[in-house]
There are 2 protein chains.
Amino acid sequence: MTAEKTLKRLKQPTMYDVAKLAGVSQPTVSRVLNHNKTAVQISAATRQRVLDAVAELGYHPNVIARSLRTQRTGMISLLVADITNSFYHVIARAVQDVARQRDYEVLISNSDHIYSREMHFAEVLSKRVVDGAILVPIHLTDQDLDGFLSLANAPIVVLGQHIQHPNIDVVYGDDEAAMYEAARWMVNERGYREFGFVGVPEDLPPGPRRWRGFKRALDELGLGIDPRFMVMGDFTIPGGEEAARALIRASKRLPRALFVLNDLMAIGVILTLQDAGYRIPDDVAVIGFDNIPESTIVRPTLTTIAQDSHDLGVRLAEVLFERIDNPNITGRRLFRTACQIIPRQSA
Amino acid sequence: MTAEKTLKRLKQPTMYDVAKLAGVSQPTVSRVLNHNKTAVQISAATRQRVLDAVAELGYHPNVIARSLRTQRTGMISLLVADITNSFYHVIARAVQDVARQRDYEVLISNSDHIYSREMHFAEVLSKRVVDGAILVPIHLTDQDLDGFLSLANAPIVVLGQHIQHPNIDVVYGDDEAAMYEAARWMVNERGYREFGFVGVPEDLPPGPRRWRGFKRALDELGLGIDPRFMVMGDFTIPGGEEAARALIRASKRLPRALFVLNDLMAIGVILTLQDAGYRIPDDVAVIGFDNIPESTIVRPTLTTIAQDSHDLGVRLAEVLFERIDNPNITGRRLFRTACQIIPRQSA
DNA sequence: TTGTATGCGTTATCAT
DNA sequence: ATGATAACGCATACAA
């Protein structure tokens with residue numbers, strides 16, 4: 001706590017300092033510290049002298065120098081599309097858990113669905129500060145990723161089916177099938193026959209996919225959808241609120257049930273509809289997607305489709321570490337996890 | 001996209017390769033790339049040759065080598081106590097925004113209120129992978145931090161008043177004063193005179209502080225608090241739910257109004273109380289702390305005390321960068337931001 | 001079992 | 001204006 005202490009934080013001891021103090025060579029220090037459980041044998045005496053010197057100097061290895069030498073950083077990075085979306089929290093936590101077991105650090109970054117931030121992230125990647133990356137790309141294209149992949153020597157794993165790059169592994173929840181099943185369930189089990197759809201713009205990956213599953217079920221069931229009942233949002237609560245207002249503007253009479261592309265928007269929709277006097281689910285039923293924690297906070301609780309996000313996170317991390325450990329792995333590996341309908345009060 | 005491309009990602013071009021191609025020396029390449037807007041002058045001709053070579057080879061500087069040389073990593077780290085608590089999202093985003101302006105990366109980590117994770121984080125710090133750190137320590141003591149600070153050459157800035165280290169800057173929301181004001185407000189403006197308190201264990205920093213502000217107001221107003229109406233939680237929604245059940249078990253009749261130490265617990269309390277048949281705020285009023293987004297999702301909407309978390313985040317980052325830029329700064333600097341009562345429906 | 005020598009890719013200090 | 005040269009701290013092939 002003294003002033004001296006804080007002022008002399010200028011110079012950290014190096015292996016050379018330790019070696020000098022222990023009366024050995026610098027590489028011997030390195031061996032004691034690294035190979036302790038592996039190949040090379042060190043005499044117990046020198047080992048002890050080295051360890052004593054380490055303790056006395058308070059030596060800590062410089063991970064940057066080590067990285068320069070080994071070409072490994074011990075870090076992976078994780079790019080999520082929206083750090084405020086709880087859906088990603090579980091994923092982040094799962095990734096961190098897997099990483100921790102391997103003494104890896106996780107660099108979490110946040111694109112806010114913004115293309116330039118995704119690009120920036122990919123650039124960081126290409127500068128090789130991490131050994132690998134997990135991405136949730138919204139705008140990034142195969143070509144973007146190909147460019148960066150050929151620069152970086154780090155593997156990339158992606159959440160989301162839309163990336164088709166021949167050398168990037170993909171983990172995804174099968175949302176198209178889930179939407180198909182959910183639509184059938186809403187009709188057959190819940191008895192709704194008239195639907196609206198709160199989606200996102202066509203160019204955002206989950207949009208067309210979830211729509212296809214939904215549409216396919218409706219077609220099979222011989223049901224149509226009124227174009228006035230289709231609106232767009234942006235994955236956020238305010239986006240859902242705006243979508244609900246747009247629905248009301250377009251037609252005073254609302255569809256009997258609303259499919260909303262994700263939970264955050266679904267919550268915005270519910271809150272706005274309620275404020276406008278509609279009862280959920282008696283006037284309008286609502287079903288979301290993701291099963292985030294907030295879906296149990298709204299009243300009525302939100303019926304939704306769950307992705308097993310913990311499993312997604314674990315898979316993402318494991319797949320990435322496989323590639324880090326074995327750079328020879330090639331090809332586009334695909335890992336699918338199923339989704340599941342969570343019936344609650346809103347539909 | 002070809003197999004060759006992916007196989008020959010073994011070797012990245014270095015400055016030496018660029019130099020060879022441009023017909024100059026390697027340091028010249030370095031100068032072209034770094035000093036372009038600063039001191040040393042380079043002839044336009046060589047500059048162009050170098051830049052051409054850089055483009056042709058797709059050269060990217062190796063930031064690890066640079067870090068080894070410059071002793072800077074261009075990264076700061078941020079340790080939050082709970083990544084699922086929205087309160088920290090705003091802070092994280094603000095920190096990232098400030099960092100981005102300075103071309104810094106942010107390494108976000110998550111302690112989940114667990115002591116060993118906080119220690120692990122501090123150890124990473126002491127290995128000098130980052131140029132500085134922002135911490136929200138829950139268990140970490142002054143002594144812990146002193147130990148790591150004397151090992152690391154990186155400055156630390158902390159959110160939370162309880163760290164008293166003579167060389168660590170502190171940024172905090174004045175929650176003690178806010179609780180005092182809020183208690184007076186609940187009595188004088190809202191007319192409640194009988195209170196319960198959902199806190200956290202004594203050793204968790206915000207606990208005693210917020211309690212003191214609350215208690216001081218009550219004492220001044222000549223109001224007491226029934227010990228049965230005091231329970232503990234752990235900052236989470238399930239913690240709040242459990243606290244509410246404990247309250248109900250302890251006494252069928254509940255206090256007229258509940259102060260809850262943070263919003264997540266307050267939401268858990270509201271949901272559980274409602275399920276048990278109590279009306280909020282008619283039977284029991286509830287006031288939280290933090291003003292997280294979810295506080296507008298619950299019904300009734302949550303009356304709470306807002307910390308200006310964006311401002312907190314910006315201040316934290318700015319203070320840290322000041323220290324990074326000027327290592328001579330010493331002493332414990334204190335930055336306080338005010339809190340504000342947000343009246344909504346729950347109290 | 002231990003020491004010597006070398007290089008990882010950069011930046012910085014000398015020269016010229 | 002540019003080039004040689006050294007140094008950052010560590011890991012490893014090789015020699016002893």
Side-chain angles (χ1 to χ4, degrees), chain A residues 10-51 53-54 57-74 126-129 131 151-153, chain B residues 10-51 53-54 57-74 126-129 131 151-153:
Chain A
L10 301 159
K11 191 76 180 134
Q12 302 283 335
T14 73
M15 277 192 179
Y16 185 74
D17 300 321
V18 175
K20 215 166 41 181
L21 181 59
V24 299
S25 74
Q26 172 264 319
T28 297
V29 177
S30 174
R31 286 191 272 257
V32 170
L33 264 37
N34 296 314
H35 304 269
N36 44 9
K37 281 148 195 158
T38 62
V40 184
Q41 290 302 325
I42 301 278
S43 83
T46 40
R47 154 178 307 261
Q48 195 52 53
R49 287 214 313 282
V50 168
L51 292 179
V54 165
L57 293 177
Y59 167 80
H60 281 263
N62 180 321
V63 296
I64 295 172
R66 173 182 296 162
S67 293
L68 181 59
R69 184 58 229 244
T70 62
Q71 303 291 22
R72 294 210 163 190
T73 64
S126 70
K127 291 181 189 156
R128 289 158 287 162
V129 297
D131 296 341
L151 290 180
N153 55 1
Chain B
L10 302 158
K11 191 74 179 134
Q12 301 285 335
T14 73
M15 278 192 178
Y16 185 74
D17 299 322
V18 175
K20 215 166 41 181
L21 182 58
V24 299
S25 74
Q26 176 264 324
T28 296
V29 177
S30 174
R31 285 191 274 256
V32 169
L33 264 37
N34 296 313
H35 304 268
N36 43 9
K37 281 149 194 161
T38 61
V40 185
Q41 291 302 324
I42 300 278
S43 84
T46 41
R47 155 179 306 260
Q48 196 51 53
R49 288 214 311 282
V50 168
L51 292 178
V54 164
L57 293 176
Y59 166 82
H60 281 263
N62 180 322
V63 297
I64 294 172
R66 172 182 298 163
S67 293
L68 180 59
R69 188 55 231 245
T70 61
Q71 305 289 24
R72 294 212 161 190
T73 64
S126 69
K127 290 179 188 157
R128 290 159 286 162
V129 298
D131 296 340
L151 290 179
N153 55 1

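So that the names make sense, note that chain A is the first sequence line, chain B the second, and so on, each numbered from 1. Side-chain atoms are counted along with the backbone in the values below, which use heavy atoms only and exclude waters and symmetry mates.
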Walk along nucleotides 7-16 of chain D from 5' to 3' and tag each nucleotide B, S or - by protein heavy-atom contact under 4.0 Å, base first, then sugar-phosphate. BBBBBBB---

Rounded to the Å, how far apart are B:Q48 CD and D:dA1 C1'? 17 Å

Applying side-chain contact (heavy atoms from CB on, under 4.5 Å), can you list everything that pairs with B:S67, at least two apart in sequence or on another chain? A:I64, B:T73

Using atom NZ of B:K20 as one end and atom P of C:dG9 as the other, report the distance to the nearest whole Å. 12 Å

Counting just side-chain N and O atoms, does B:T28 come under 4.0 Å of either OP1 or OP2 of D:dG3? yes

Heavy-atom nearest pair, A:R49 first then A:V24, reads NH2-CG1, 3.5 Å

Have a look at A:S25 and say if it touches a base, only the backbone sugar-phosphate, or nothing, with a 4.0 Å heavy-atom cut-off. base

Go through it in stages, so that I can follow the logic: the residues are A:T46 and A:V32, the test is side-chain contact (heavy atoms from CB on, under 4.5 Å), and I'd like the CA-CA distance, side-chain angles, deciding distance and then a yes or no. CA-CA 9 Å; A:T46 40; A:V32 170; 5.9 Å; no

Need one value for B:V24: base, sugar-phosphate or nothing, where a base atom within 4.0 Å counts as base even if backbone is also close, heavy atoms only. sugar-phosphate

Point-to-point distance, once rounded to the nearest 0.5 Å, from OG1 of B:T14 to NE2 of B:H60: 14.0 Å

Residue list, side-chain contact (heavy atoms from CB on, under 4.5 Å) with A:R66, at least two apart or on another chain: A:N34, A:P61, A:T70

Does the side-chain contact (heavy atoms from CB on, under 4.5 Å) test come out yes or no for A:N62 and A:Q12, once each step is laid out? CA-CA 9 Å; A:N62 180 321; A:Q12 302 283 335; over 6 Å; no

If you compare every side-chain N and O of A:T46 against the phosphate oxygens of C:dT2 (OP1, OP2), does one of them come in below 4.0 Å? yes

